[in-house]
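What follows is a short report on a single structure.
Bear in mind that the values here come from a model prediction, so they are computed numbers and not experimental data.
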Amino acid sequence: MGESLKNKTVKGLGWSALDNAAQYGIQFGIGIILARLLSPDDYGLLGLTGIFTVICTALVNGGFSNALIRKKDVTDDDYNTAFICNLSMSLLLYALTFPCAPLIADFFNREELTLLIRVSSLGLIIGAFAMVQQTRLTKRIDFKTQTKITLVSSTVSGMAGISMAVMGFGVWALVAQQLMSHALRTLQLYIYNRWLPRLRFSTESFHELFGFGWKLMLTALLDGVWKELYQVVVGKFYNPATLGQYTRAQHYARLFSRNLTSVMDRVTYPVLSSIQDDKERMFSAYRRIIRTSMFITAVTLFFLGAVSEPLIYCMIGPKWHEASTYLPFICISSSLYPLHAINLNMLKVQGRSDLFLGLDIIKRIISLAPLFVGAFVGIIPMLWVNIFVGIIGYFLNSYYSGRMLGYSSWMQLRDIAPSYALAIAIALSVWFLKYLPLSYWIVLPMQITVGAAVFFTFCKLFKMNEYKEIIDILKKRK
C-alpha cells in the first residue's frame, strides 16, 4: 500500500477499534451488572424481540450505506434520497410490526411480547434518522467522532438500564437501555455532522444507489434471518430462559468476533474502494489484513472458549452456568467471521454484489442443517454442525476472491495456519486448569497468566510476523 493509504488505514483502524472497544467495552461492563440483577428469562425475552429488529434493520438500510460509501462522487441528492428511503421503510415496517406483535407473542406463548415488540421496534425509526449521518462519517473514515458519540450514548444508556433493573423493571430495563442508546447516538450524529437532510428525492440517485445496494440489502436480510433463526429455534423448541443462556454465550463471543469484523469492514471497505482498480495493491492489502485480523481473532476467541466456565462463574454467577457450556463452540465458529467478512468485502469493492448475493443464498440453504439439528436433536449438536457449516462457507467465499485477486483458499489457509496453531496451543494450556481442586476465583487468574506466558513465548520463539505487524501499528499510533 502507498504510504498515505497505509496511514489512513492504520488511523481508521485505530479509531474504529477504539469506537467498537468503547461501545462493547462499556456494554460488557454494564452487561455484567445487569446479568447479575436480571434473570436468563429477561434476556430470553429481549432475544425474542431482537429477532425481528435485526431483520427489519436490514430492510431499512436497503443497501444504501454500502452504495454511498462505494460511490466516489456522492452528491447531496444521493444523501437525501437515501435518507428518505431509510425513513420511509422504517415507518412502513413499524406499521406492519404493530398489528403483528400479538401473533408473534402467541407463537412463542409469551403474552408480554406484544408490548415489548411494539415498544422496542421504535428503535427502527430512531435508527433510520441516523443511517445517512453515520455513513457520511464512515465515508470520511472519521471514526474519532464516532468514538466520542459511542462513549456518551453507551455510558448514559447503560446507567439508565442499571437504575431501572435495580428498581425492578426486569426486561424493560434492557429495552429502555437500547432505545436510549439509539436516541443519544442519533442526536449526537446530527450535532457533530452539521448536515441536515432535505425532503428532496432524486429518481436518478435512487436507481443508481438501489441498483447496487438491493443485492447487499437482500444479503443482509438473509444473513439476519438465518442468524436469528437460531434464536427462534431455541426460543420455540426450548424456552426463553434457555434462550437467555444461549444469547449470553453468543454475546460474549460476539464482543470479540463481531467487534473485529465490524472494525475491519467499516475501515477496509472505504479504504480499499479507493484502490479498486489496482489489483497488485489490493492483493497486498488483503493479505496483510487477513493475516493480522485472524491472528487477533483466533487467539482471543480460542482463549475465551477455554476459560469460559471460570469466566462466566466469576463475572455473572453460577445461574449462568449453562451459557459456559455453549460458549466454546460459539467461539470456534465465530473465529471465522472476520475471514468471511474480508473475502466478501472484496466482492463488494469489485462491484460484484450479484455474486455476493448468490453466494449468500447457497450458504443459507446449507445453514438449514444446524437448525434442524437444534430443533430435533439438541443445542450442543446444533453448535457442532454450525462449525462445519462455517468451514464450508469459508471455502465458498474465498474461492471467488481467490480467482479475482490470485489469493486462493489454500494460500489464505497457509497464511492463517500459524495463528490457529498458536490459538490451539494457548487453549489447551489453560483448558485443563479448570479441573484443579481450587476456587474459580483462583483458577481464572492462573489461566490468564498461563495463557499470556504461552502467547508471548510462542510469538518470540517463532518470530511471528503478525505479532510484529501489530506491535509496529501500535508504535506508530503513539
Side-chain angles (χ1 to χ4, degrees), residues 13-14 16-29 31-32 248-268 288-312 314-315 323-324 326-342 383 386-387 390-391 394 412 415-431 433-434 444-460 462 464-471 473-474 477:
L13 284 172
S16 184
L18 185 58
D19 175 41
N20 276 43
Q23 180 181 354
Y24 291 107
I26 292 169
Q27 286 180 5
F28 181 73
I32 291 174
R248 275 295 84 190
Q250 196 176 57
H251 170 75
Y252 291 128
R254 284 180 175 179
L255 276 174
F256 299 97
S257 64
R258 294 292 174 82
N259 189 5
L260 182 59
T261 301
S262 175
V263 169
M264 302 306 297
D265 189 58
R266 289 161 70 191
V267 177
T268 59
R288 290 179 63 188
I289 290 166
I290 282 178
R291 291 175 63 174
T292 305
S293 62
M294 292 308 296
F295 175 78
I296 299 171
T297 308
V299 170
T300 304
L301 285 171
F302 273 62
F303 175 76
L304 178 64
V307 303
S308 61
E309 197 168 321
L311 183 68
I312 294 291
C314 293
M315 281 198 313
S324 69
Y326 302 147
L327 185 55
F329 300 98
I330 298 174
C331 283
I332 294 172
S333 59
S334 297
S335 70
L336 292 170
Y337 284 160
L339 198 57
H340 289 309
I342 295 166
L383 296 175
N386 192 46
I387 292 172
I391 294 171
Y394 158 70
Q412 292 182 31
D415 280 344
I416 66 175
S419 297
Y420 271 98
L422 173 61
I424 293 170
I426 293 172
L428 291 176
S429 69
V430 303
W431 173 267
L433 293 177
K434 73 176 185 178
L444 183 59
M446 289 175 61
Q447 289 178 315
I448 294 172
T449 303
V450 171
V454 173
F455 173 77
F456 289 112
T457 300
F458 269 64
C459 288
K460 295 287 186 180
F462 295 101
M464 299 189 73
N465 292 326
E466 296 82 1
Y467 175 73
K468 294 179 182 178
E469 179 80 15
I470 293 169
I471 295 299
I473 290 173
L474 293 174
R477 284 202 54 75

CD/Q250 to OG/S333 distance, rounded to the nearest 0.5 angstrom?
9.0 Å
Please test L444 against V307 for side chain to side chain contact (heavy atoms under 4.5 Å, CB included), starting from the C-alpha separation and ending with a verdict.
CA-CA 7 Å; L444 183 59; V307 303; 4.3 Å; yes
If we count only N and O atoms by modelled type, under 3.5 Å, do the side chains of S335 and Y420 hold a donor and an acceptor together?
yes
If I take atom OG from residue S429 and atom CD1 from residue I424, how far apart are they, to the nearest 0.5 angstrom?
12.0 Å
Derivation of the side chain to side chain contact (heavy atoms under 4.5 Å, CB included) call for F302 and I426
CA-CA 8 Å; F302 273 62; I426 293 172; over 6 Å; no
Counting C-beta onward and ignoring hydrogens, is there a side-chain heavy-atom pair between I332 and L301 closer than 4.5 Å?
no
Which heavy atom of P338 sits nearest a heavy atom of T297, and at what distance?
CG-OG1, 3.4 Å
Considering non-hydrogen atoms only, spot the tightest contact between M315 and I32 and give its length.
O-CG2, 3.2 Å
Could you go step by step and tell me if L422 and F462 meet the side chain to side chain contact (heavy atoms under 4.5 Å, CB included) rule?
CA-CA 10 Å; L422 173 61; F462 295 101; over 6 Å; no
Compare every heavy atom of A253 with every heavy atom of L304, then report the nearest pair and how far apart it is.
CD2-CA, 4.1 Å
To the nearest 0.5 Å, tell me how far E309 CD sits from Q447 CD.
9.5 Å
CZ on R248 to CD1 on I312, rounded to 0.5 Å:
8.5 Å
Of all the heavy-atom pairs spanning H340 and Y394, show the shortest one and how long it is.
CE1-N, 3.2 Å
Counting only N and O atoms by type, is there a donor-acceptor contact under 3.5 Å from the side chain of S308 to the main-chain atoms of S324?
yes
With a 4.5 Å limit on heavy-atom distance, are the side chains of F458 and Y467 in contact?
no
Considering non-hydrogen atoms only, spot the tightest contact between S419 and R291 and give its length.
OG-O, 4.3 Å
Can you tell me how the ring of F295 sits relative to the ring of F455, calling it parallel under 30°, perpendicular over 60° and tilted otherwise?
tilted
What distance do E466 atom CD and I416 atom CD1 have between them, rounded to the nearest 0.5 Å?
10.0 Å
Might you point out which heavy atoms bring L383 and F329 nearest each other, and give the distance in Å?
CB-CB, 3.6 Å
Using the side-chain contact (heavy atoms from CB on, under 4.5 Å) definition, which of the options L311, V454, V430 pairs with F303?
V430
Let me confirm one number: the CG-CG distance from N465 to D415, rounded to the nearest 0.5 Å.
10.0 Å
